[in-house]
Amino acid sequence: MLEVADRPTSHDDVSTTNSGKGTIALNAVNHWVPHDIVMRDTWFPVAHNYSVTGKPVRRAVYSHPIFLWRENGVVVASENHPNEKVVGEKSQYTDARGRYPVMEHYGVVWVWFGNPLAADPVHLPSLPFLPPKGGLPRHMTSTVRFECAAPISLENLIDLTHADFLHADVVGDERSDSETVETFFDSETVTMVRTCTNKSVAPVMKFFSGIKQPTQNVRQVIRIYLRSHCAIAYGRFTPGDDVPLFHPCTPETRDRTRMEMVMNTTNSDLLFRHVMPKAGYKVSRQDSYMTSPQSPRYMRDTDRKDLHSKFDQAGQRYRMAMMELADRQAKGDFAYRDNVSADCSEIIGLRKELFQF
Amino acid sequence: MSLNQDAWWAVARSEEVTSEKPLSVDIGDQPVVLWRDNQGIARAMEDRCPHRRAPLSLGCVRDNGWIQCGYHGWSFDGETGRLKEIPNMKDQQRFPPVYKANAFGVTEQAGLVRVCLNPNVAAPLVAARRYDYCGTANVSLTHREYLNALYDDPSLLFSIRGVHFTSYLMAELHEEDGKLVMERSCQWAGMHWPAHFVAEFPLTLLTKTDPVTGETELLLRDDEFRSLFHAVLAPVPSARGVTAVRWRASQGARYPGLRGALLRGINPLTVFSSVNGTKLRTTKPSVSMNGEDLREAIMEGAQPSPGQTAAA
């Protein structure tokens with residue numbers, strides 16, 4: 001149990017000095033206003049590559065319009081529709097022609113939101129379970145929306161104890177012999193590893209993957225790339241399947257989130273391979289049931305502190321890391337201190353032999 | 001709006017509060033969750049889990065009577081608001097005293113569940129009564145405007161089958177035993193002379209309103225002073241300027257003939273969920289003009305001066 005709830009407010013200063021480096025005090029997590037956090041100088045995933053054709057489609061990042069289409073097969077991202085009569089000034093996030101830096105990778109279209117001159121593929125998050133050139137079947141992808149701030153959706157993801165309640169009918173209830181949660185982080189990422197032994201078997205695996213045993217050992221990893229609001233959710237179920245999920249939470253506005261989901265179930269049996277990616281439609285509605293009413297309650301800072309349990313350490317770390325990064329950006333520092341494109345296979349415990357491209 | 005924290009608000013009818021599913025209500029901007037524990041006692045807490053602020057009303061009631069948040073499964077005791085259990089914590093279920101949600105005072109009498117935001121205020125005693133009919137209406141009118149409409153023209157808010165409310169008062173709004181009391185002359189509906197040409201009215205509607213909560217007793221009497229119909233109307237300020245109205249009603253003495261039969265049949269009281277805006281806008285403030293002053297005077301405990309009645 002983290003005793004942050006009853007600390008005096010004098011401990012709540014957002015910035016404190018620690019070894020000369022600006023950091024966020026632990027108790028600042030109680031002043032978490034995710035709607036005020038706007039990240040820039042990052043690649044946001046805005047579309048599955050098959051969604052972008054010759055006809056412009058519209059997307060948004062923090063309410064900034066982005067129109068995507070292909071010219072000679074190459075994706076273009078513009079702040080204006082080609083038929084639009086441009087009036088007024090162009091945004092600071094686009095080049096002289098009003099175009100955003102854009103690239104295709106992992107089967108997803110990424111738009112650079114920030115200083116266009118700083119756009120660099122080296123800042124693209126590492127997603128080692130997805131083929132770099134894309135090409136996964138469409139049934140492994142979907143688009144899902146959430147009526148909440150993107151950081152709320154990611155905080156929801158990084159505390160997996162909620163899954164035992166909200167998603168018990170998909171991933172199994174909370175019963176297990178033991179459960180540990182570890183958190184790792186740097187200035188750009190937070191990674192949570194949850195290990196459960198003899199956990200109630202996930203119903204979706206019982207019914208669609210033929211798991212006969214009543215329990216299974218589970219290792220679940222959530223890795224969040226703070227700036228791009230992208231997450232990896234990687235579950236290894238024994239007996240059972242390896243289920244790696246690309247779970248981006250693109251902030252279309254400050255209180256609405258778009259997810260261009262990709263779940264690589266290539267290694268699973270036929271039935272599970274097709275059914276499991278569809279579970280996202282059910283699971284996301286279950287999440288929304290809580291995050292939609294939760295989100296407005298975080299729009300304003302309040303003196304009332306959230307309570308936390310030991311399972312919230314990763315979530316608290318996520319809040320702190322986001323606030324720290326936002327603090328740095330507010331001071332004009334947009335530099336990357338850690339490399340987000342470095343292969344994270346080892347950190348997430350990816351069974352590389354299953355994902356060779 | 002700023003609410004009286006010590007007032008008891010009739011936020012639900014007894015049958016709405018169950019151990020099957022928590023009920024979400026509001027007192028002003030304060031969301032409240034209600035449920036019935038395993039001893040059948042109605043409980044009320046802030047509808048906000050102190051863990052991640054999810055509405056507790058989206059959770060469930062456990063067999064032991066605790067309410068469980070549907071998000072991460074934290075369980076709370078309704079009497080104290082104390083956190084009792086976090087799933088996954090196995091046998092480490094001891095929590096510091098600050099690990100609690102806000103529990104509110106609850107009392108249940110005469111078929112209504114009343115909640116007080118201040119848990120230390122003693123519950124009022126309400127006479128037990130049998131009611132034949134009940135209902136709930138949510139009206140997009142503020143609490144104050146709802147009461148003003150009640151004073152000026154009750155036909156904006158409800159109807160009693162077979163009864164026509166006139167604009168003539170038998171007793172103007174005045175203070176009586178701490179309540180705002182008035183009596184309105186009524187006619188039987190159907191063919192009748194216009195009220196302004198009528199010498200005697202066959203019916204009156206007596207209303208007694210609590211100055212703080214606006215909870216109002218309605219009593220329909222005939223010219224022989226028989227109580228024909230009785231109702232309690234409990235308007236509670238709710239989110240976004242809506243007034244949630246719970247009501248219960250019962251038949252009184254039997255009135256002979258077709259008129260009495262109309263009144264007796266199925267429930268004669270209809271409490272409207274929507275207000276006719278045109279009619280409301282053109283209803284000139286009369287009783288309500290001074291009603292607010294009188295209400296404040298009663299709440300301050302001052303004796304209203306003779307001129308401080310709301311004439312109409």
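Note that the coordinates shown come from a computational prediction; the quantities given were computed from them, not determined experimentally.
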Taking the side chain as C-beta and beyond, is there a heavy-atom pair between [X] and [Y] under 4.5 Å?
| X | Y | value |
| --- | --- | --- |
| A:F165 | B:C69 | no |
| A:K305 | B:P50 | no |
| B:R53 | A:T302 | yes |
| A:Q294 | B:L58 | no |
| A:N156 | B:Y71 | yes |
| A:R304 | B:N102 | yes |

Please indicate whether [X] has more than 12 foreign heavy atoms, meaning atoms of other residues, nucleotides or ligands, lying under 6.0 Å from its [atom1].
| X | atom1 | value |
| --- | --- | --- |
| A:Y62 | OH | yes |
| A:R175 | CZ | no |
| A:R297 | CZ | yes |

Inset, instruction - Heavy atoms only: give me the nearest B:G70-A:M290 pair and the separation to one decimal. - result: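 Between these two residues, the closest heavy atoms are C-CE, 3.5 Å.
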Inset, instruction - Please report the closest heavy-atom contact between B:P87 and A:F311, naming both atoms and the distance. - result: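 In this case the closest contact between B:P87 and A:F311 is O-CE1, 4.0 Å.
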Inset, instruction - Flag the pair B:R52 and A:D312 as a salt bridge only when some basic side-chain nitrogen lies within less than 4.0 angstrom of an acidic carboxylate oxygen. - result: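 Yes, B:R52 and A:D312 are salt-bridged.
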Inset, instruction - Could you walk me through whether A:L307 and B:W74 pass the side-chain contact (heavy atoms from CB on, under 4.5 Å) test, one step at a time? - result: CA-CA 11 Å; A:L307 302 181; B:W74 288 28; 3.8 Å; yes
Legend entry - side chain to side chain donor-acceptor pair (under 3.5 Å) assessment of B:H72 paired with A:D159: CA-CA 9 Å; B:H72 298 89; A:D159 175 9; 2.9 Å; yes
Inset, instruction - Enter the distance from A:S309:OG to B:Y99:OH here, rounded to the nearest 0.5 Å. - result: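 Result: 7.5 Å between the selected atoms.
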Inset, instruction - Show the numbers, then the answer: is there a side chain to side chain donor-acceptor pair (under 3.5 Å) between A:E174 and B:N88? - result: CA-CA 6 Å; A:E174 83 278 14; B:N88 312 64; over 6 Å; no
Inset, instruction - Name the region of A:Q286, side chain, backbone, both or neither, that has any atom closer than 4.5 Å to a heavy atom of chain B. - result: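 It is neither, since no heavy atom gets under 4.5 Å.
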Inset, instruction - Please state whether the side chain, the backbone, both or neither of A:S292 comes within less than 4.5 Å of a heavy atom of chain B. - result: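 The answer is neither part of A:S292.
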Legend entry - For chain B, the option from A:Y289, A:W32, A:Y298 that forms the most heavy-atom pairs under 4.5 Å: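 Top option by heavy-atom pairs under 4.5 Å: A:Y298.
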